[in-house]
Amino acid sequence: MPLLICRSLIARWWQVRSQRVCGLSRAIPAEVDRSWLALRGARSPRIHVFLSSSEIHLAHQLHRGADEVVEMARAAVERARGYTDDVEWSCMDATRSDPELIARLVRVAIGAGATTINLPDTVGCARPDQVSAMFRELQARVPEVSGVTLSFHGQDDLGMATANSLAAISAGARQVEVAVNGLGERAGNTAFEEVVMALRVHGEALGVETAVDTHGIWAISQVVARRSGFAVPPNKAIVGGNAFRHASGIHQDGVLKCRETYEAVDPAEIGHPVGTQIVLGKLSGRAGFASRVRALGIAPSDAALERAFARFQELADGRSEIADEELVALCREPEAGARSARA
């Protein structure tokens with residue numbers, strides 16, 4: 001199915017009628033026009049126009065000077081604004097761009113009608129302090145941004161997309177561009193679930209909150225993984241298979257006494273179907289072993305539990321995980337040692 005038709009169907013689909021639907025376009029008139037063709041059936045359409053602003057992009061990709069780029073930005077935003085009053089402007093590769101050129105582009109974009117200004121870390125190479133400084137400097141240079149929404153787009157090439165997004169929020173951004181499971185070009189985009197749950201933990205300190213219903217995070221992550229064909233890594237924050245699994249004996253003992261000792265997020269908040277999990281293996285201690293045994297419906301005496309735990313340690317030596325059926329067998333197998341002692 002042609003991409004334009006797909007976008008049109010999304011824009012008209014009844015289940016997204018209450019949400020904004022956005023079309024992304026380079027600052028090229030024909031692309032802005034095609035975005036509108038795809039979006040015109042939407043109740044709340046947005047056109048997002050972008051253009052490179054860094055010296056390396058201007059020299060090696062666009063082959064244009066700063067003045068030409070500024071004029072292209074003005075023309076593209078004006079064209080988009082002719083279709084809709086919801087227009088977003090992006091300075092691509094902003095974190096590697098001259099702050100003065102960013103200021104010029106943003107000032108022109110706002111003057112042409114942009115209502116959202118997005119500064120991306122396109123190559124995922126910035127530090128959080130650089131992102132924060134970039135937003136603060138823009139606000140100092142261009143006071144007009146007080147009347148628009150500031151946005152940040154991060155890539156995860158250095159693994160700092162979530163941290164950079166929080167830095168942008170701390171410096172005034174009120175929109176961050178994210179993707180479920182962090183899917184995206186190269187190392188991926190900023191992970192939706194990480195930013196949402198980071199704001200659940202730190203939102204009060206940052207003075208912000210989201211309206212996201214976090215209880216659907218686990219389910220949507222699974223849907224995206226299945227439909228995209230990209231499995232979620234086990235060690236992925238928030239939605240990874242190991243995110244709420246505890247193997248260390250010290251951690252198991254602590255989380256059994258009080259979940260918050262080793263979990264910053266309650267798995268129930270993201271709709272996790274299992275919740276906190278105790279994984280029994282070579283690193284497990286007595287507390288974790290006893291808890292799992294009792295959860296399986298086995299209630300041995302203290303002496304029997306000690307003997308079973310000793311057998312468990314022998315079995316677990318060199319293994320990362322012991323299955324439940326093996327635990328049941330351990331607790332029920334004949335106590336050979338005791339019989340030998342009686343003989």
### Message
As a quick check of understanding, evaluate salt bridge (Lys or Arg N to Asp or Glu O under 4.0 Å) for D67 and R104, giving each step before the final call.
### Response
CA-CA 9 Å; D67 291 342; R104 287 182 64 191; 3.0 Å; yes
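- Dense packing is recorded around CZ of R186, with more than 12 heavy atoms of other residues, nucleotides or ligands lying under 6.0 Å away.
- Salt bridge absent: D85 and R81 never bring a charged side-chain N and a carboxylate O closer than 4.0 Å.
- Side-chain atoms of T214 come within 3.5 Å of backbone atoms of E269 as a donor-acceptor pair (strictly under, hydrogens ignored).
- Residue pairs meeting the ring-ring contact (aromatic ring centres under 6.0 Å, His included) criterion with at least one partner in residues 250-285, sequence neighbours excluded, are W218-H272, F244-H272, H251-Y262.
- With rounding to the nearest 0.5 angstrom, the CZ atom of R141 is 16.0 Å from the CZ atom of R136.
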### Task
Begin from the C-alpha positions of E321 and K282 and carry the test salt bridge (Lys or Arg N to Asp or Glu O under 4.0 Å) through to its verdict.
CA-CA 7 Å; E321 187 169 352; K282 62 183 179 181; over 6 Å; no
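- Contact check for N181 versus F230: no side-chain heavy atoms found under the 4.5 Å cut-off.
- No side-chain donor-acceptor contact under 3.5 Å links S54 and S97.
- Under a 3.5 Å cut-off, the side chain of T210 and the backbone N or O of V196 do not form any donor-acceptor pair.
- Side chain to side chain, E88 and T116 fail the donor-acceptor criterion of an N or O pair below 3.5 Å.
- Between S151 and Q175, the side chains place a donor N or O and an acceptor N or O closer than 3.5 Å (distance only, hydrogens not considered).
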### Task
Just do the salt bridge (Lys or Arg N to Asp or Glu O under 4.0 Å) check on D324 and R292 with the steps written out, would you?
CA-CA 8 Å; D324 286 347; R292 189 61 196 153; 2.7 Å; yes
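- For the pair S291 (side chain) and G288 (backbone), a donor-acceptor distance under 3.5 Å is absent.
- The closest side-chain heavy-atom distance from R200 to V265 is not below 4.5 Å.
- Using a 4.5 Å cut-off on side-chain heavy atoms (C-beta onward), M134 and D129 make no contact.
- At a cut-off of 3.5 Å, with distance as the only test, no side-chain donor of D93 or T122 sits close to an acceptor on the other residue.
- Just one residue in the list S52, S53, P120 forms a side chain to side chain contact (heavy atoms under 4.5 Å, CB included) with S90, and that residue is P120.
- The backbone N or O of G154 lies less than 3.5 Å from a partner atom in the side chain of T190, making a donor-acceptor pair.
- Put simply, the side chain of D121 gets close to the backbone of C125: a donor and an acceptor are under 3.5 Å apart.
- We find the CG-SG distance between L305 and C331 to be 7.0 Å, quoted to the nearest 0.5 Å.
- Between E260 atom CD and D266 atom CG the span is 7.5 Å, to the nearest 0.5 Å.
- Residues V279 and H246 are not in side-chain contact: their nearest non-hydrogen atoms beyond the backbone lie 4.5 Å or more apart.
- D253 contributes no side-chain N or O that, together with a main-chain N or O of G249, makes up a donor-acceptor pair within less than 3.5 Å.
- Here the side chains of L150 and F135 are in contact, with some heavy-atom distance below 4.5 Å.
- Rounding to the nearest 0.5 angstrom, the gap separating the CZ atom in F289 from the CZ atom in R294 is 10.0 Å.
- Residue R26 holds its CZ atom at 9.0 Å from CE of M72, rounded to the nearest 0.5 Å.
- The residues R319 and E326 are annotated as salt-bridged, a charged nitrogen and a carboxylate oxygen being separated by less than 4.0 angstrom.
- Shown here is D317, whose CG atom has no more than 12 heavy atoms of other residues, nucleotides or ligands within 6.0 Å.
- Proximity of Q155 to N189: side-chain heavy atoms (C-beta onward) are separated by under 4.5 Å at one or more points.
- S165 places a side-chain N or O within donor-acceptor distance of the main-chain N or O of A161, the cut-off being under 3.5 Å.
- How far CD1 of I102 is from CG of L138: 7.5 Å, rounded to the nearest 0.5 Å.
- For the pair L119/T95, no side-chain contact is recorded, criterion being any heavy-atom separation below 4.5 Å from C-beta on.
- Surrounding CD of E306 are more than 12 heavy atoms belonging to other residues, nucleotides or ligands, all under 6.0 Å away.
- Listed here is the closest heavy atom pair of R74 and E78: NH1-OE1, 2.6 Å.
- Using a cutoff of 4.0 Å between basic side-chain nitrogens and carboxylate oxygens, R79 and D33 are scored as salt-bridged.
- Taking the side chain as every heavy atom from C-beta outward, R96 and I56 approach each other to under 4.5 Å.
- Checking side-chain atoms of E71 against main-chain N and O of A66 turns up no donor-acceptor pair under 3.5 Å.
- Put simply, the side chain of S132 never gets that close to the backbone of A168: no donor and acceptor are under 3.5 Å apart.
- Between H48 and F50, the angle of the ring planes goes over 60°, which puts this pair in the perpendicular group of the 30/60° scheme.
- No donor-acceptor pair under 3.5 Å is formed between the side chain of E194 and the backbone N or O of A191.
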